[in-house]
Structures are given as structure tokens and as C-alpha cells.
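This report concerns only the one structure given below.
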Number of protein chains: 2
Amino acid sequence: MDTKLDYIKKQLHTSGYKLTPQREATVKVLLENEQDHLSAEDVYLLVKEKSPEIGLATVYRTLELLTELKVVDKINFGDGVSRYDLRKEGDNHFHHHLVCIQCGSVQEIEEDLLDDVEAIVEDKFKFKVKDHRLTFHGVCNICQDK
Amino acid sequence: MDTKLDYIKKQLHTSGYKLTPQREATVKVLLENEQDHLSAEDVYLLVKEKSPEIGLATVYRTLELLTELKVVDKINFGDGVSRYDLRKEGDNHFHHHLVCIQCGSVQEIEEDLLDDVEAIVEDKFKFKVKDHRLTFHGVCNICQDK
DNA sequence: GTGTTTATTTATAATCATTACAATTTTAAA
DNA sequence: TTTAAAATTGTAATGATTATAAATAAACAC
Ligand SMILES: [Mn+2]
Ligand SMILES: [Mn+2]
Ligand SMILES: [Zn+2]
Ligand SMILES: [Zn+2]
């Protein structure tokens with residue numbers, strides 16, 4: 001956990017930003033809830049539990065900054081809010097998601113799986129791929145057993 | 001164009017809805033701008049040119065209805081608005097997009113390309129795929145030549 | 001056809017996420 | 001210390017979307 005925090009601290013420093021107490025509190029919440037897909041409001045409420053003096057605007061600005069630095073990915077599952085997803089250290093492509101249309105659960109896929117598709121896109125459409133967003137909508141294994 | 005309108009009319013009727021003049025005007029705007037990715041506001045402004053008496057709420061409700069019926073897909077490219085994309089007749093999966101991070105252009109890919117990936121998802125994760133969203137972010141061929 | 005219910009639309013107000021702003025505090029530099 | 005830059009705070013403003021109530025239009029029953 002601290003290794004990851006240090007790594008993020010370095011990423012901030014590299015771009016000329018400091019890890020302020022508020023930013024640290026925000027990053028810690030993200031690290032402690034890595035499997036979730038928290039909205040800005042979610043993060044704000046969790047940060048406030050340990051640092052009640054933090055402002056909502058700061059959380060928004062921190063998440064925006066982390067998004068710019070590619071520490072997190074901002075994603076939208078179609079409900080009205082943006083959600084923030086920590087990137088695994090070293091990953092240069094965003095991971096994929098399986099959204100269940102029955103129970104709403106969100107499962108993650110670490111494997112890239114898109115090498116072939118990207119090759120086609122680069123070849124046929126002459127499009128230089130930098131990143132991607134892939135979400136499948138369907139029925140999760142638990143809901144299938146009902 | 002009229003064939004497509006009739007087809008959509010049928011889809012509405014099948015689900016117990018009528019093609020009111022307002023809905024027809026909205027669908028026509030979508031058909032006339034098939035290559036674009038219009039926001040609700042965009043659609044509203046275009047509809048108003050020919051039917052000035054239409055209300056914004058009606059456009060929103062119509063787009064919502066068409067989304068439920070899978071006549072259109074609601075998509076979010078990360079700017080603050082939802083955009084609406086007509087499905088090609090008979091397509092049961094949403095098409096893909098190439099978003100240029102330099103000029104902002106959005107290119108469409110009709111080919112599915114995901115058969116193999118979906119097979120893996122269904123097999124390995126026991127997830128029954130119903131639909132997908134795939135967007136590549138990168139540099140379009142025009143911007144590469146600069 | 002007349003009266004009655006239901007669906008739809010309209011204009012507008014309310015909501016809610018996000019962003020902008022001005023004042024204040026913290027940190028770094030001189 | 002004095003000064004300047006960076007960051008934060010609380011709150012106001014914005015802007016997209018949704019909810020509401022009154023008005024219209026369409027479908028239905030007699
Ligand atoms: Mn995720
Ligand atoms: Mn499209
Ligand atoms: Zn499920
Ligand atoms: Zn471009």
C-alpha cells in the first residue's frame with residue numbers, strides 16, 4: 001500500500017505537483033477501495049471520515065489532476081456520475097469491465113485481449129491507438145443461475 | 001429514408017407507442033444526421049428549425065424512449081453530454097468509435113471485430129454478453145500527417 | 001357524435017453533478 | 001522576515017437532465 005502511495009507521489013513530483021495532505025488522503029481512499037468504482041461524491045464522503053476538513057472542490061480537483069497524470073481513469077457507466085478507477089502500476093491501457101444488466105455488478109478484466117483488434121484498427125483505419133474503453137453489457141454468472 | 005422511418009415506426013408500434021408528429025420530427029433529424037453524434041440539445045435545435053413548437057422535454061423523452069427500444073444508443077464521449085447514435089437496421093451490437101485526442105474527430109467502425117474477445121469473456125468469466133461499448137482513443141490518420 | 005379516460009406534450013421549476021470564484025491558508029523562494 | 005506562488009475552502013454559478021402541473025390530442029365507451 002505504501003509502495004503504491006510512493007509510486008503515485010513520484011508521478012506527482014515528476015509533473016511538478018506535491019502530495020499535499022488532502023491529495024494524500026484522497027489517494028489513500030482510492031487505494032483502500034481499489035476494487036470499487038467510486039464517484040467523486042463517494043470519495044469525498046470517505047475522505048471526510050478521516051479528514052473532515054477537506055472540501056468537495058479539492059476532491060474534484062485532485063481527481064481531475066490524477067486523471068490528467070493517468071494515475072486514475074475516469075469512466076462513465078451511464079448513470080449520471082463519473083467514476084474513478086486506479087490504474088495498476090505500469091499498465092498503459094485501461095482495463096475492461098463487465099456490467100450486469102440485471103444486478104448492476106461491475107467485474108473487471110485485467111487481460112488486454114485487444115491486441116488483434118488494435119492491429120486491425122491501426123492497419124485498416126490508420127488510427128494510432130493510445131488507449132481504449134471496453135465495456136460489455138450482459139448477464140453475470142450469478143444472475144445466470146437464477 | 002422513408003423505409004427507415006417506417007421501420008422505426010413499426011418498432012414503436014410493436015411496443016405500444018405511436019409515432020407522434022414530434023417523435024417523427026425527432027427521428028427524422030436523427031436520420032438526416034446519421035453520421036453525427038448529436039446531443040439532446042443538438043437534436044432539439046435541429047428539430048426546432050422545422051417544428052418550432054416542440055419542447056425540449058419532449059426531445060429528451062423521445063430520445064429516452066428510442067434508447068429503451070434500442071433504436072438509438074446513448075453514448076458518452078467524456079464531455080459533459082450524452083450523445084445519441086442511430087443503430088443500423090438489424091444490428092444487435094453497437095458499433096465502435098475512434099476518437100482522436102488531437103482534433104476530437106469521431107470515426108465509426110462497422111465491423112464487429114470482437115467475436116474472439118466475446119468468446120473468451122463468455123468462456124472464462126461465464127458472462128453472457130448482450131452488448132458492448134468499445135472506443136479507441138488515439139491519433140487519427142489526418143492528425144498523424146502533421 | 002358526445003362525454004370520458006388515457007397518452008402526450010408544453011413550459012417551467014427543481015435537481016444534481018460539476019465548475020468557477022474570491023477569500024484564506026500553506027508552502028516555497030528571495 | 002517579506003513576498004510570491006500554489007493549494008484549499010466554502011459557496012455561488014452553471015449546465016444538463018428530470019420532475020411537475022396544466023393543456024392538448026388521441027382513443028374509447030356509450
Ligand atoms: Mn475497473
Ligand atoms: Mn457512432
Ligand atoms: Zn448480475
Ligand atoms: Zn485527428
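Below, read A as the first sequence line, B as the second, and so on, with proteins coming before strands; counting in each chain starts at 1.
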B/K28 with B/E32: basic N within carboxylate O range, under 4.0 Å: no

Side-chain N,O (A/Y60) to OP1/OP2 (C/dT19) below 4.0 Å: no

Atom-to-atom span, CG of B/L12 to C1' of D/dA26 - whole angstrom: 16 Å

Protein-nucleotide distance (A/L56, atom CG; C/dC21, atom C1'), rounded to Å: 15 Å

Integer-rounded Å distance: D/dT18 P and A/D79 CG: 12 Å

Lys/Arg-Asp/Glu bridge criterion (N-O < 4.0 Å) met for A/K4, A/E34: yes

Upstream residue (5' side of DNA chain C) when A/R83 and A/P21 are each assigned their closest nucleotide: A/R83

Lys/Arg N to Asp/Glu carboxylate O, A/K70 vs A/D91, below 4.0 Å: no

Nearest-Å distance for atom pair NZ/P, residues A/K48 and D/dT9: 10 Å

Given C/dT18, C/dA20, C/dT8, the nucleotide with the shortest approach to the side chain of B/K18: C/dT8

B/K48 and B/E53 ion-paired at < 4.0 Å: no

Upstream residue (5' side of DNA chain D) when A/G55 and B/E41 are each assigned their closest nucleotide: A/G55

Under 4.0 angstrom between A/S82 side-chain N/O and C/dT18 OP1 or OP2: yes

Under 4.0 angstrom between A/T20 side-chain N/O and C/dT26 OP1 or OP2: no

Distance, rounded to the nearest Å, where A/E64 contributes CD and D/dA7 contributes C1': 14 Å

Sugar-phosphate only, base, or nothing, as touched by B/T58 at under 4.0 Å among non-hydrogen atoms: base

Whole angstrom value for the distance that separates P of D/dA25 from CD1 of B/I54: 14 Å

Check: A/S51 side chain, A/I54 main-chain N or O, donor-acceptor pair, under 3.5 Å: no

Between D/dA6 (C1') and A/L65 (CG): distance, integer Å: 12 Å

N or O in side chain of A/Q22 less than 4.0 angstrom from D/dT9 OP1/OP2: yes

Phosphate OP1/OP2 of C/dT9 contacted by B/R61 side-chain N/O (<4.0 Å): yes

Sugar-phosphate, base or nothing in reach of B/E53, heavy atoms under 4.0 Å: sugar-phosphate

Interatomic distance, B/R23 CZ vs D/dA26 P [rounded to whole Å]: 12 Å

